Amino acid sequence: MIEEDFCLHKLALRDIRPTAIRVLVLRTLLEMKQAMSVSDLEAQLDTVDKSTIFRTLTLFLSHHLIHGVDDGSGTLKYAVCDDSCQCAVEDQHMHFCCECCHKTFCVKSIHIPSVQLPPGFIQTGANYVIKGLCAACALRKKE
């Protein structure tokens, strides 16, 4: 289980005032070790309503505590950023979406490649998603 002090430290690094709900949402995101949608969080936090979760995620996004992942599922998913991340283009990394269990994982060791754009174009973001089977689903498929 993620310690409350660790969550408080991460919130403080991003100048986010800690509340019980903010600590709870952050702890859940950290413990799941995968990107989660609002619905995923709502299922995990059955005592917290959807609008509170959404407002908390919006605040976290605006302070670069989390980043949104468009994995092609039609639902935005969220994952906790590294402490040094500012969600700039050079901070963005690959995501892996399992086609079996539908979990989305950050692959922080693989950064999105730089692309030479035509003159006058300015890149503000990128989405790099690889689809396939995660290790757990691949193992089950072999059995």
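Nothing here was measured: the structure is a model prediction, and the numbers come from that model.
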Item to complete: Give the cluster check for Val23 versus Tyr78: same hydrophobic cluster or not, with ILVMFWY residues linked at side-chain heavy-atom distances below 4.5 Å.
Response: yes
Worksheet item: So, for Leu61 and Gly68, which heavy atoms are closest and what is the spacing to 0.1 Å?
Response: CD2-N, 3.7 Å
Worksheet entry | Heavy-atom closest pair, residues His63 and Asp15 | CE1-O, 3.6 Å
Worksheet item: Roughly how far, to the nearest 0.5 Å, is CG of Asp40 from CD of Gln44?
Response: 8.0 Å
Response to the item:
Taken to the nearest 0.5 Å, the spacing of Leu57 CG from Leu76 CG works out to 9.0 Å
Discussion item. I'd like to know if the side chain of Arg14 and the backbone of His64 have a donor-acceptor N/O pair within less than 3.5 Å.
Written reply: yes
Worksheet item: Do the rings of His67 and His93 sit parallel, tilted or perpendicular, given the 30° and 60° boundaries?
Response: perpendicular
Discussion item. Quick check on Lys33: does its NZ atom have over 12 non-hydrogen neighbours (other residues, nucleotides or ligands) under 6.0 Å away?
Written reply: no
Worksheet item: With sequence neighbours left out, what residues match Lys10 under salt bridge (Lys or Arg N to Asp or Glu O under 4.0 Å)?
Response: Asp83
Worksheet item: Residues sharing Val115's hydrophobic cluster, by side-chain heavy-atom contacts under 4.5 Å among ILVMFWY, directly or via others?
Response: Leu117, Phe121
Fill in: Distance, nearest 0.5 Å, that separates OG of Ser73 from NE2 of His102
9.5 Å
Item to complete: Can you sort out the partners of Lys108 under side-chain hydrogen bond (donor to acceptor under 3.5 Å, both in side chains), two or more places apart, ordered by chain and number?
Response: Asp82
Worksheet item: Quick one: are Phe105 and Gln34 in side-chain contact, heavy atoms under 4.5 Å?
Response: yes
Worksheet entry | Verdict with supporting geometry, Phe60 and Val80, side chain to side chain contact (heavy atoms under 4.5 Å, CB included) | CA-CA 9 Å; Phe60 287 178; Val80 179; over 6 Å; no
Worksheet item: Taking atom CG of Leu26 and atom CD of Glu4, what is their separation to the nearest 0.5 Å?
Response: 10.5 Å
Worksheet item: Ile110 and Ile112: same hydrophobic cluster, using ILVMFWY side-chain contacts below 4.5 Å?
Response: yes
Worksheet item: Which atom names give the shortest non-hydrogen contact between Val69 and His95, and what distance separates them?
Response: CG2-NE2, 3.3 Å
Discussion item. Quick test of your reading: applying salt bridge (charged side-chain N to carboxylate O under 4.0 Å, His left out), list the pairs with at least one residue in residues 112-127, sequence neighbours left out, ordered by first then second residue.
Written reply: none
Worksheet item: Can you tell me how far the CG atom of Leu45 sits from the CG atom of Leu24, to the nearest 0.5 Å?
Response: 4.5 Å
Worksheet item: Is Leu29 close to Leu41 at the side-chain level, that is, under 4.5 Å between some pair of heavy atoms?
Response: yes
Worksheet entry | salt bridge (charged side-chain N to carboxylate O under 4.0 Å, His left out) pairs, two or more places apart, involving residues 49-73 | Asp71-Lys77
Worksheet item: Closest heavy-atom contact between Ile130 and Met94?
Response: CG1-SD, 3.3 Å
Worksheet item: Is there a side-chain contact between His111 and Tyr128 (heavy atoms, below 4.5 Å)?
Response: no
Worksheet item: Can you name the residues that form a side chain to side chain contact (heavy atoms under 4.5 Å, CB included) with Ile2, not counting sequence neighbours?
Response: Phe6, Cys7, Arg27, Leu30, Glu31
Worksheet, complete the sentence: Residues Cys106 and Ala79: closest non-hydrogen pair is SG-CB, 3.5 Å
Discussion item. For Val129 versus Asn127, what's the shortest heavy-atom pair and its separation?
Written reply: CG2-OD1, 3.6 Å
Discussion item. Distance check, rounded to the nearest 0.5 Å: Leu133 atom CG versus Phe96 atom CZ?
Written reply: 6.5 Å
